[in-house]
Amino acid sequence: MENILVLLQNTRNQVSKKERVLCDYILSVPTEVMQLSVQSLAERCQISAATVVRFCRRLGLDGYSDLKLHLSAAVQETPGQEYSEIKPGESAAEISSKLQLHFENALKVTAKHLDDQMIEQVVTAIHDAPQVQLFGLVSSSLVAQDIYQKLSRLGVKALVNNDAHLAATTLASGSKNDLLLVVSTSGNTKEALQLLRFASEKNVTTVLITANINSTGANLADHVLESQKIGESVIRPGASTSLVTEFFVADVIMFRYVARYYTEVLNKLRETRELIERLNDN
């Protein structure tokens, strides 16, 4: 299981007011909570002991004793670490430590929830498609562009768009045997949903990489790969955790493709590398 304190930090905005009070109290004094009985903790948070136990279950724990065990492990893992948002005036070292912890746990959760069978299905779909059409907006477009670059080096014919109108035109003029791969963290972006619906009308196979497997997009796509959204700092210049997990999922797909079709793609990779070396020499 991921670091329980990171999980609490990223869960607090998704729970009830009473549970948020409990979250904040545990985050503020985790070492003290380890010494408290469930009744004592409930009294300090002005909630019932039953609420504490239900909250532990919500986190995927066996109960309150299990919570204390995970707290002990988390405190030992990063002694002195504060599990909070980025604060004004924090040093580079403090921010680096927080981000490292955050990313490590995001990747752990993502890897844990990846569906191996779905990965195999997506790899097969990519290999069998005459062309892979990729779409993503804003930060998700970076992931789509990365997949495009890697597919191109593997000898897979691919197109990438971050404009919905151009993507729709490409989809309309393409083959029904093409594959549409959409990257959308929310799974509910209007443009992504429109493209998935257009693809469905044309019987084009679709893949969605998303952090929200309960989204409308996830219901529309033929294959869904889950990247875990365990939360972003409120004080941030842009997406970070979602990008890390989406790049991770994309790389699992790409490396599995190479592993399965190694002999087939080896020459393509060699040719690509040689051409790039010639380009750099000129």
Side-chain angles (χ1 to χ4, degrees), residues 2 10 60 103-129 131-154 156 158-162 167 171 177-200 203-232 239-261 265:
E2 65 272 27
N10 296 317
F103 290 157
E104 285 177 352
N105 282 277
L107 291 175
K108 284 181 182 177
V109 176
T110 303
K112 180 180 178 181
H113 288 85
L114 261 186
D115 187 329
D116 292 341
Q117 185 175 359
M118 189 67 69
I119 290 288
E120 297 298 333
Q121 292 173 5
V122 171
V123 168
T124 299
I126 291 173
H127 183 263
D128 293 347
Q131 178 173 261
V132 178
Q133 300 187 34
L134 302 152
F135 178 77
L137 291 176
V138 196
S139 62
S140 293
S141 69
L142 301 176
V143 183
Q145 184 68 43
D146 183 68
I147 297 174
Y148 164 74
Q149 178 189 3
K150 289 172 179 172
L151 286 177
S152 298
R153 297 188 70 174
L154 296 177
V156 177
L159 292 171
V160 62
N161 288 303
N162 59 4
L171 189 62
N177 296 319
D178 283 353
L179 175 70
L180 173 66
L181 193 157
V182 175
V183 184
S184 173
T185 304
S186 71
N188 288 315
T189 307
K190 180 179 71 173
E191 294 84 352
L193 297 182
Q194 289 175 332
L195 286 177
L196 289 169
R197 290 190 177 102
F198 291 160
S200 178
N203 293 319
V204 170
T205 301
T206 54
V207 177
L208 175 67
I209 298 177
T210 183
N212 186 2
I213 59 173
N214 297 314
S215 62
T216 302
N219 290 326
L220 291 171
D222 297 308
H223 307 287
V224 180
L225 289 169
E226 184 180 10
S227 62
Q228 288 293 320
K229 186 178 181 182
I230 69 170
E232 300 274 11
S240 55
T241 308
S242 58
L243 270 179
V244 168
T245 57
E246 286 166 0
F247 276 123
F248 176 78
V249 172
D251 272 357
V252 171
I253 298 170
M254 295 299 101
F255 280 100
R256 177 54 187 145
Y257 188 97
V258 172
R260 191 200 289 182
Y261 303 108
V265 303

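Bear in mind that the values here come from a model prediction, so they are computed numbers and not experimental data. The first residue of the sequence shown is numbered 1, and numbering continues consecutively from there.
- With sequence neighbours excluded, no residue forms a ring pair (Phe, Tyr, Trp, His ring centres under 6.0 Å) with F247.
- For S227 and T110, the side-chain atoms include no donor-acceptor pair closer than 3.5 Å.
- Side-chain N/O atoms of T185 and E246 include a donor and acceptor closer than 3.5 Å.
- Annotation: the span from E191 atom CD to N162 atom CG amounts to 11.0 Å, rounded to 0.5 Å.
- Annotation: side chain of D251 is in contact with side chain of D146 (closest heavy-atom distance under 4.5 Å).
- Partner of H223 under the side chain to side chain contact (heavy atoms under 4.5 Å, CB included) criterion, out of V207, L208, T206: V207 alone.
- Side chains of Y257 and V156 form a contact here, defined as non-hydrogen atoms less than 4.5 Å apart.
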### Task
Go through the steps to decide whether F248 and L114 satisfy the test side chain to side chain contact (heavy atoms under 4.5 Å, CB included), and finish with yes or no.
CA-CA 10 Å; F248 176 78; L114 261 186; 4.1 Å; yes
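- Nearest heavy atoms, V183 versus S140: O-CB, 3.3 Å.
- Between the CZ atom of R197 and the CD atom of Q194 there is a distance of 8.0 Å, given to the nearest 0.5 Å.
- Side chains of V132 and D178 form no contact here, defined as non-hydrogen atoms less than 4.5 Å apart.
- Side-chain N/O atoms of N212 and S186 include no donor and acceptor closer than 3.5 Å.
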### Query
So M254 and I126, side chain to side chain contact (heavy atoms under 4.5 Å, CB included) or not? Walk me through it.
CA-CA 10 Å; M254 295 299 101; I126 291 173; 4.2 Å; yes
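- Heavy atoms only, all atoms of each residue included: L171 and A199 are closest at CD2-N, 3.6 Å.
- At most 12 non-hydrogen atoms from other residues, nucleotides or ligands lie less than 6.0 angstrom from OH of Y148.
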### Task
Test side chain to side chain contact (heavy atoms under 4.5 Å, CB included) on V122 and T124 and set out the steps.
CA-CA 5 Å; V122 171; T124 299; over 6 Å; no
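- Note that the OG1 atom of T205 and the CG atom of L181 stand 11.5 Å from one another [nearest 0.5 Å].
- Once rounded to the nearest 0.5 Å, the distance linking NZ of K150 with CD1 of I253 reads 10.5 Å.
- Side-chain contact between I209 and I147 is present, with heavy atoms from C-beta onward closer than 4.5 Å.
- Across all their heavy atoms, V249 and E226 have their closest contact at CG2-O, 3.9 Å.
- If you take CD on Q131 and CG on L179, they are separated by 10.0 Å, rounding to the nearest 0.5 Å.
- Across all non-hydrogen atoms, the minimal contact from L180 to V204 is N-CG1, 4.0 Å.
- For the atom pair K112 NZ and L107 CG, the distance stands at 14.5 Å (nearest 0.5 Å).
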### Message
Apply side chain to side chain contact (heavy atoms under 4.5 Å, CB included) to residues L193 and L220 and explain how you reach the verdict.
### Response
CA-CA 8 Å; L193 297 182; L220 291 171; 4.0 Å; yes
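- Heavy-atom minimum distance, L243 versus V143: CD2-CG2, 3.7 Å.
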### Message
As a quick check of understanding, evaluate side chain to side chain donor-acceptor pair (under 3.5 Å) for N188 and S215, giving each step before the final call.
### Response
CA-CA 6 Å; N188 288 315; S215 62; 4.6 Å; no
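- Residues A106 and T241 share a closest heavy-atom pair of CB-CG2, 3.6 Å.
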